Amino acid sequence: MLSRLGAEFLAVGRISDRYFIRRCVTKITTNDGIKSPKPEYTSKRYSVKRGDFSCLEDRDIVFFKHLLDKNRVLTDPFDLEKYNVDWLKTVRGKSACVLKPRTTKEVSEIMRYCNEKKLAVVPQGGNTGLVGGSVPVFDEIVLSTELMTRFRISENNPAVVIAQAGCVLEKLDTALNQHNLMVPLDLGAKGSCHIGGNVSTNAGGVRVLRYRNLHGSVLGLEAVLADGTIFNGLSTNLKDNSGYDLRHLFIGSEGTLGVVTRVAILCSLRPKSVTTCLLAVPDFESLLKVFVVAKQRLGEIMSACEFMDSDSVACAKRNLGIEPPIQSRLYALLETHGMDSNHDEEKVDGFINQVMKEGLITDGILTSEPSKMKKLWEIRERLAEALRKEGYTYKYDVSLPFASFYKIVEVMRKRLPKTVITCCGYGHLGDNNLHFNVTTKEFDPTVLTRIEPFLYEYTKRCFGSISAEHGIGFKKRNYLYYSKNPAFVHMMAETKRTLDPNGILNPYKVLPDFEA
Ligand code: FAD
Ligand code: 2HG
Ligand code: ZN
């Protein structure tokens with residue numbers, strides 16, 4: 001059903017469903033036909049010094065082929081390319097070997113061998129990470145989880161799924177449908193990202209405000225440490241206070257402390273009633289008020305509260321040919337998840353009536369029809385892809401208090417040179433999470449220096465975070481101090497040294513050069 005509140009909406013604006021025709025595509029791959037030139041090697045662009053690791057030798061390949069089989073050890077430069085370049089096409093390594101284990105035991109054997117030989121390793125899932133953490137900087141071996149795709153519902157708890165690291169998020173979620181369950185995590189890269197990658201980055205996504213992040217829903221976890229030791233913390237208990245809760249060390253550690261091999265996730269019941277609405281909002285002040293009214297009127301059924309500005313939307317139109325059915329300077333995209341459509345409808349009606357009465361919106365679209373909801377979400381979810389088409393994306397993901405939230409986008413517009421194609425803001429409004437993006441035709445170090453460290457200084461002054469959800473990876477490692485004090489960073493480095501004394505797991509990532 002489109003625009004249940006059609007009559008009222010017509011009073012403030014126009015409604016149309018002519019845009020809900022094309023099918024939504026969620027699959028994001030590295031081989032998506034983008035003809036951008038290969039990025040410069042990371043080690044060169046960022047002048048990185050290689051760590052004291054061994055170089056891969058023929059006898060190592062012999063060992064790996066014996067352990068796995070020859071099809072699961074890639075060494076052909078053509079096959080290696082997609083594992084060496086990130087999704088954004090901004091960082092590039094030169095690994096000569098990709099390993100594809102199927103079991104925890106194989107991961108353990110690989111790590112034991114690499115630790116003994118001092119060979120560096122990058123764990124890689126779907127390679128959709130946005131901070132340069134998932135690809136090698138030099139010649140690190142890539143340990144890909146793409147063949148670790150098994151999962152089962154726990155015998156102890158029917159709401160818990162135990163999944164191997166390589167399960168693709170969307171496939172896992174679709175399979176859970178028959179159990180009336182869903183993965184409590186949803187993001188634009190769901191068609192490609194792996195659950196192990198999600199856990200290792202503590203991925204956020206569009207529904208954090210309702211289902212919280214993975215520190216809450218990952219009940220248990222299994223990981224292989226740098227020396228091959230298997231850390232078995234695969235609990236399915238809702239409550240477990242028996243000792244230190246070490247699983248949290250691996251959630252969000254971006255492959256620097258261990259290779260996550262299996263996770264036990266507490267799933268949510270699939271909602272029976274879902275509504276999505278896209279609202280045209282004239283200014284940021286009104287947007288904040290819309291969010292406040294949504295919290296008050298929708299309460300527990302609100303499952304997402306996103307926003308986009310007109311520059312983001314214009315970029316999607318220009319590069320992907322998709323655009324919203326309504327026009328505005330700012331857009332709010334809200335969603336509800338509930339179990340009773342009558343109850344939810346009443347709440348949504350109350351919300352819409354109030355924001356209209358208060359003059360907070362100028363237009364809107366409301367739908368509960370799956371294909372139409374997907375079309376509305378598509379605009380928001382494909383913004384990263386639209387930006388990437390313009391060339392080089394300078395991508396930022398900050399937590400900011402609302403008083404300083406959108407102001408930084410306006411400040412930045414004035415700071416940046418004319419060579420910039422797009423400078424825009426969008427993100428997870430409900431989580432105070434701004435995605436600030438800038439594009440140029442190709443990488444331009446002068447644009448970078450106009451943004452960094454200025455944006456991080458601003459974020460620090462506002463008591464925000466330089467990484468709300470994407471992680472630190474390679475690109476932000478030397479800015480960690482803007483969000484964590486030196487004693488905190490030092491403790492992180494000590495933890496790393498304890499679990500990985502040779503530093504072979506994902507080197508050059510997360511920790512600042514000084515501490516690493
Ligand atoms: P990868 O990119 O392969 O790896 C990411 C990091 O985790 C690397 O440091 C890697 O070494 C490590 N890693 C991967 N697997 C393992 C493992 N098994 N064990 C140990 N370490 C591992 N992120 C969000 O938080 N919210 C969003 O809304 C969001 N939307 C996105 C939309 C698009 C279009 C794209 C391209 C990306 C988006 N991302 C988002 C970023 C990215 O998808 C997430 O960070 C995701 O969790 C990465 O999963 P992956 O399997 O692709 O991991
Ligand atoms: C999203 O929310 C992702 O769409 C990507 O986190 C953010 O493109 C970005 O900056
Ligand atoms: Zn995001």
Side-chain angles (χ1 to χ4, degrees), residues 26-30 32 83 86-88 101 104 107 111 121-136 140 142-146 148 163-169 185-208 213-214 221-225 250-263 304 306-308 312 315 377 379-388 393-398 424-429 431 433-439 467-474 505-510:
T26 54
K27 176 107 179 118
I28 308 275
T29 66
T30 37
D32 54 5
Y83 300 90
D86 70 329
W87 182 86
L88 276 173
T104 302
V107 175
M111 290 313 305
V121 176
V122 184
Q124 190 179 93
N127 196 11
T128 64
L130 298 173
V131 287
S134 53
V135 294
E140 299 89 281
V142 176
L143 191 159
S144 165
T145 56
E146 66 192 17
M148 301 180 74
Q164 272 193 304
C167 290
V168 171
L169 176 60
L185 168 75
D186 188 10
L187 54 149
K190 56 182 163 267
S192 300
C193 62
H194 295 184
I195 202 74
N198 297 148
V199 170
S200 303
T201 54
N202 185 27
V206 293
R207 300 215 176 96
V208 172
N213 67 25
L214 290 164
L221 175 152
E222 176 191 78
V224 173
L225 305 187
F250 299 95
I251 302 173
S253 62
E254 302 179 59
T256 59
L257 299 182
V259 182
V260 173
T261 44
R262 282 193 293 168
V263 286
E306 299 284 305
F307 96 102
M308 311 177 270
S312 314
C315 173
W377 272 108
I379 304 158
R380 166 67 188 85
E381 287 184 337
R382 294 185 69 190
L383 291 175
E385 189 189 342
L387 287 157
R388 190 180 63 157
T393 312
Y394 311 78
K395 190 166 280 298
Y396 300 91
D397 158 46
V398 287
C424 66
Y426 55 92
H428 316 290
L429 185 79
D431 310 330
N433 182 179
L434 171 72
H435 291 314
F436 170 66
N437 281 270
V438 174
T439 62
S467 172
E469 59 171 10
H470 295 162
I472 296 296
F474 171 78
L505 263 174
N506 219 0
Y508 326 103
K509 315 287 170 59
V510 182

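Predicted model only: the values in this text are computed from it and were never measured. Remember, it's 1-based here, ligands and their atoms both numbered in the order they're listed.
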For [atom], the protein heavy atom that lies nearest, with its residue and separation:
{"atom": "atom 6 (O) of ligand 2", "answer": "H470 NE2, 2.7 Å"}
{"atom": "atom 2 (O) of ligand 2", "answer": "R380 NH2, 2.6 Å"}
{"atom": "atom 8 (O) of ligand 2", "answer": "Y426 OH, 2.4 Å"}

Tell me whether [X] reaches ligand 2 (any heavy atom closer than 4.0 angstrom to a ligand atom).
{"X": "N437", "answer": "yes"}
{"X": "F436", "answer": "no"}
{"X": "V206", "answer": "no"}
{"X": "H428", "answer": "yes"}
{"X": "E306", "answer": "no"}

Rounded distance [0.5 Å steps], [atom1] in [X] versus [atom2] in [Y]:
{"X": "L143", "Y": "M111", "atom1": "CG", "atom2": "CE", "answer": "7.0 Å"}
{"X": "L214", "Y": "F250", "atom1": "CG", "atom2": "CZ", "answer": "15.5 Å"}
{"X": "L88", "Y": "T128", "atom1": "CG", "atom2": "OG1", "answer": "10.0 Å"}
{"X": "D186", "Y": "L169", "atom1": "CG", "atom2": "CG", "answer": "7.0 Å"}
{"X": "T201", "Y": "L187", "atom1": "OG1", "atom2": "CG", "answer": "8.0 Å"}
{"X": "T104", "Y": "M148", "atom1": "OG1", "atom2": "CE", "answer": "4.5 Å"}

Polar contacts were defined as any N/O atom of the residue lying under 3.5 Å from an N/O atom of the ligand; does this apply to [X] and ligand 1?
{"X": "G129", "answer": "yes"}
{"X": "E469", "answer": "yes"}
{"X": "W87", "answer": "no"}
{"X": "G125", "answer": "yes"}
{"X": "S200", "answer": "yes"}
{"X": "L130", "answer": "no"}

Assess H435: does it contribute an N, O or S atom lying under 2.8 Å from the Zn ion (ligand 3)? yes

Looking at the Zn ion (ligand 3), is one of the N, O or S atoms of D397 less than 2.8 Å from it?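 Short answer: no, not a single N, O or S atom is under the cut-off.
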
Would you check if [X] and [Y] make a side-chain contact, meaning some heavy-atom pair closer than 4.5 Å?
{"X": "T145", "Y": "P123", "value": "no"}
{"X": "L387", "Y": "Y426", "value": "yes"}
{"X": "Y396", "Y": "L434", "value": "no"}
{"X": "R262", "Y": "L221", "value": "no"}
{"X": "E469", "Y": "D397", "value": "yes"}
{"X": "I472", "Y": "K509", "value": "no"}
{"X": "P136", "Y": "V142", "value": "yes"}
{"X": "R380", "Y": "E306", "value": "yes"}

Report the part of [X] in contact with ligand 1, treating N, CA, C, O as backbone and CB onward as side chain, heavy atoms under 4.0 Å; options are side chain, backbone, both, neither.
{"X": "T201", "value": "side chain"}
{"X": "S134", "value": "both"}
{"X": "T256", "value": "neither"}
{"X": "V260", "value": "both"}

Carefully, step by step, assess E146 and H194 under the rule side-chain contact (heavy atoms from CB on, under 4.5 Å). CA-CA 8 Å; E146 66 192 17; H194 295 184; 3.8 Å; yes

Only one of L130, V438, T439 passes side chain to side chain contact (heavy atoms under 4.5 Å, CB included) with T393; say which it is.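 Of the listed options, the one satisfying the test is T439.
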
Which atoms from ligand 1 have a heavy atom of [X] less than 4.0 Å away?
{"X": "C193", "value": "49 (O), 50 (P), 51 (O), 52 (O)"}
{"X": "T145", "value": "18 (N)"}
{"X": "A165", "value": "18 (N)"}
{"X": "N506", "value": "9 (O), 11 (O)"}
{"X": "A203", "value": "25 (O), 47 (O)"}
{"X": "E254", "value": "9 (O), 11 (O), 12 (C)"}
{"X": "G205", "value": "26 (N), 27 (C), 28 (O)"}

Does [X] come within less than 4.0 Å of ligand 1, judged by its heavy atoms?
{"X": "H470", "result": "yes"}
{"X": "H428", "result": "yes"}
{"X": "Q124", "result": "yes"}
{"X": "G258", "result": "yes"}

Which of the numbered atoms in ligand 2 are below 4.0 angstrom from a heavy atom of [X]?
{"X": "A384", "answer": "8 (O)"}
{"X": "L130", "answer": "5 (C)"}
{"X": "E469", "answer": "2 (O), 6 (O)"}

Run the side-chain contact (heavy atoms from CB on, under 4.5 Å) test on T256 and L505 for me, step by step, so that the C-alpha distance in whole Å, both residues' side-chain angles and the decisive distance to 0.1 Å come before the verdict. CA-CA 5 Å; T256 59; L505 263 174; 5.6 Å; no

Could you name the option among L383, L187, I195 that has the heavy atom nearest to atom 30 (N) of ligand 1? L187

Nearest-option assignment for atom 33 (C) of ligand 1, heavy atoms, candidates G473, G133, G252, A189: A189

Determine whether a donor-acceptor pair (N or O, by modelled atom type, separation under 3.5 Å) exists between the side chain of N213 and the backbone of N202.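 Flag not set: sc N213 to bb N202 has no pair under 3.5 Å.
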
Has the side chain of E254 got a donor or acceptor atom that lies under 3.5 Å from a matching backbone atom of V510? no

Quick one: report the N, O or S atom of E469 that is nearest to the Zn ion (ligand 3).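 This turns out to be OE2.
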
Can V135 and Q124 be said to form a side-chain contact (heavy atoms from CB on, under 4.5 Å), step by step? CA-CA 7 Å; V135 294; Q124 190 179 93; 3.8 Å; yes

Will you find, in the side chains of S134 and N127, an N or O donor that is under 3.5 Å from an N or O acceptor?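 Their side chains do contain a donor-acceptor pair, which is all the 3.5 Å distance test asks for.
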
